[in-house]
Amino acid sequence: MKIIFDASSIINLLNGDAMDSVLSLPDSSFCIGPLALEECKQQRELINALIRQGSIELLDDTNMPASVFSALQRRYDLGVGETECLAFAIDQQLTVSCDDHKARVMVSGRLTSLRVIGSISLLSRCVQQGLLSPEEAETKYRRMKSRGGFLPNLPPGYFKQAIN
């Protein structure tokens, strides 16, 4: 599965110190578009380092018609980074990793909910794959929230369910 990050998701994962685990998920590859990268002002150097290492692919938007981008932005009223993710997802059959609620709803309506995930789902997958313990995932989730992530409140033991 090829997953495209929007700014909210990649920022949360970096803030939660979860990126190494997520990038280790088997059968997954990760990418980001130039507009979403531009939105990651404080984390841009970290992301650029991951791009240079080959851990995240920087997609090329020069072949994306401006008319497609504009039509999606008008129709869904999303920010430029979320619109870019949607455009790439449609064009390249990508799964979108997004933590912005409005964007998730809009993208799910266009792509189906199966092609929209977020940082919590990625943490759960890390638990399922044995890359993180449920306790480690919980710590990373709490770190994301304490560092400004707008994430839903999870019930106690949420990540333990991932291994059942």
Side-chain angles (χ1 to χ4, degrees), residues 1-25 27-44 46-48 50-51 55-61 64 68-129 131-132 137-138 140-154 158-159 162:
M1 167 186 332
K2 189 168 184 179
I3 299 169
I4 185 168
F5 289 119
D6 86 332
S8 63
S9 181
I10 200 166
I11 289 169
N12 283 337
L13 292 166
L14 288 166
N15 285 344
D17 299 323
M19 190 56 76
D20 288 342
S21 299
V22 168
L23 293 176
S24 297
L25 282 166
D27 301 323
S28 297
S29 62
F30 299 91
C31 56
I32 190 167
L35 295 175
L37 177 61
E38 184 68 28
E39 292 178 336
C40 301
K41 296 182 186 337
Q42 294 179 337
Q43 295 82 3
R44 192 172 314 143
L46 289 170
I47 298 166
N48 281 331
L50 293 168
I51 291 168
S55 300
I56 297 175
E57 175 187 359
L58 178 61
L59 298 177
D60 180 3
D61 63 356
M64 184 174 305
V68 170
F69 181 89
S70 296
L72 289 171
Q73 195 167 34
R74 277 193 312 277
R75 180 169 183 190
Y76 294 106
D77 191 33
L78 298 172
V80 294
E82 290 94 353
T83 302
E84 176 187 63
C85 285
L86 178 57
F88 276 124
I90 292 167
D91 184 56
Q92 299 181 23
Q93 298 298 307
L94 306 176
T95 296
V96 175
S97 179
C98 177
D99 286 343
D100 178 276
H101 178 70
K102 175 186 171 189
R104 287 175 64 90
V105 170
M106 297 297 176
V107 173
S108 292
R110 178 64 190 249
L111 298 177
T112 79
S113 61
L114 297 176
R115 288 190 38 215
V116 181
I117 60 174
S119 57
I120 294 171
S121 296
L122 289 169
L123 288 176
S124 292
R125 289 178 184 202
C126 287
V127 171
Q128 292 166 351
Q129 295 295 322
L131 300 170
L132 292 172
E138 176 79 19
K140 292 178 184 307
Y141 158 77
R142 292 196 185 285
R143 192 173 296 135
M144 286 184 223
K145 285 191 64 116
S146 72
R147 293 180 177 170
F150 295 105
L151 297 168
N153 293 321
L154 299 178
Y158 176 85
F159 292 103

* Asked: Is any side-chain heavy atom of Q93 less than 4.5 Å from a side-chain heavy atom of R115?
  -> yes
* Heavy-atom side-chain contact between F159 and S124 under 4.5 Å -> yes
* To do: Drop me the distance from M1's CE to L25's CG, to the nearest 0.5 angstrom.
  => 9.0 Å
* Kindly determine whether L13 and F5 satisfy side-chain contact (heavy atoms from CB on, under 4.5 Å), including the steps that lead there. => CA-CA 10 Å; L13 292 166; F5 289 119; 3.6 Å; yes
* Asked: Would a 4.5 Å heavy-atom cut-off, applied to side chains only, mark F30 and L50 as touching?
  -> no
* Side chains of I90 and L72: closer than 4.5 Å at any heavy-atom pair? -> yes
* Could you tell me which non-hydrogen atom of Q73 sits nearest to which non-hydrogen atom of V80, and how far apart they are? => NE2-CG1, 3.4 Å
* Can you see which heavy atom on E84 is nearest to which on L35, and at what distance? => OE2-N, 2.9 Å
* Structure fact -> Note: C31 and L59 closest approach over all heavy atoms is SG-CD1, 3.7 Å
* Is the backbone N or O of D17 less than 3.5 Å from a side-chain atom of K140, with the two atoms forming a donor-acceptor pair by type? -> yes
* Structure fact -> The reported gap from SG in C98 to CG in N12 (rounded to nearest 0.5 angstrom) is 10.0 Å
* CG of D6 to CZ of F88: how many Å apart, nearest 0.5 Å? -> 13.5 Å
* What are the two closest non-hydrogen atoms of A7 and E39, and how far apart are they? -> CB-OE1, 3.4 Å
* Asked: Which atoms form the tightest heavy-atom contact between L58 and P34, and what is the distance?
  -> CD1-N, 3.9 Å
* How would you list, by chain and number, every residue that makes a side-chain hydrogen bond (donor to acceptor under 3.5 Å, both in side chains) with N48, sequence neighbours excluded? -> none
* Structure fact -> Rounded to the nearest 0.5 Å, the CD1 atom of I32 sits from the SG atom of C85 at a distance of 7.0 Å
* Asked: Do the side chains of H101 and P152 get nearer than 4.5 Å, heavy atoms only?
  -> no
* To do: Indicate the atoms forming the closest heavy-atom contact of N15 with R147, along with that distance.
  => O-NH1, 2.5 Å
* Full working for side-chain contact (heavy atoms from CB on, under 4.5 Å) between M19 and Q43 -> CA-CA 12 Å; M19 190 56 76; Q43 295 82 3; over 6 Å; no
* Is there a side-chain contact between Y141 and I120, using heavy atoms and a 4.5 Å cut-off? -> yes
* **Test log, rule side chain to side chain donor-acceptor pair (under 3.5 Å), inputs S119 and D99** => CA-CA 7 Å; S119 57; D99 286 343; 2.6 Å; yes
* Find out whether L37 and R44 are in side-chain contact, i.e. whether some heavy atom of one side chain is under 4.5 Å from a heavy atom of the other. => yes
* **Approximate separation, where rounding is to 0.5 Å, of L14 CG and C40 SG** => 7.5 Å
* Euclidean distance, T83 OG1 relative to F69 CZ, rounded to 0.5 Å -> 5.0 Å
* Show your working on side-chain contact (heavy atoms from CB on, under 4.5 Å) between I117 and R125 and close with a plain yes or no. => CA-CA 11 Å; I117 60 174; R125 289 178 184 202; 3.8 Å; yes
* Asked: Any ion pair linking K2 and E57 (charged N to carboxylate O, less than 4.0 Å)?
  -> yes
* Worked check of side-chain contact (heavy atoms from CB on, under 4.5 Å) between F150 and D100 -> CA-CA 8 Å; F150 295 105; D100 178 276; over 6 Å; no
* Asked: Is there side-chain contact between I10 and I56, with at least one heavy-atom pair below 4.5 Å?
  -> yes
* Asked: Partners of D20 by side chain to side chain contact (heavy atoms under 4.5 Å, CB included), sequence neighbours excluded?
  -> none
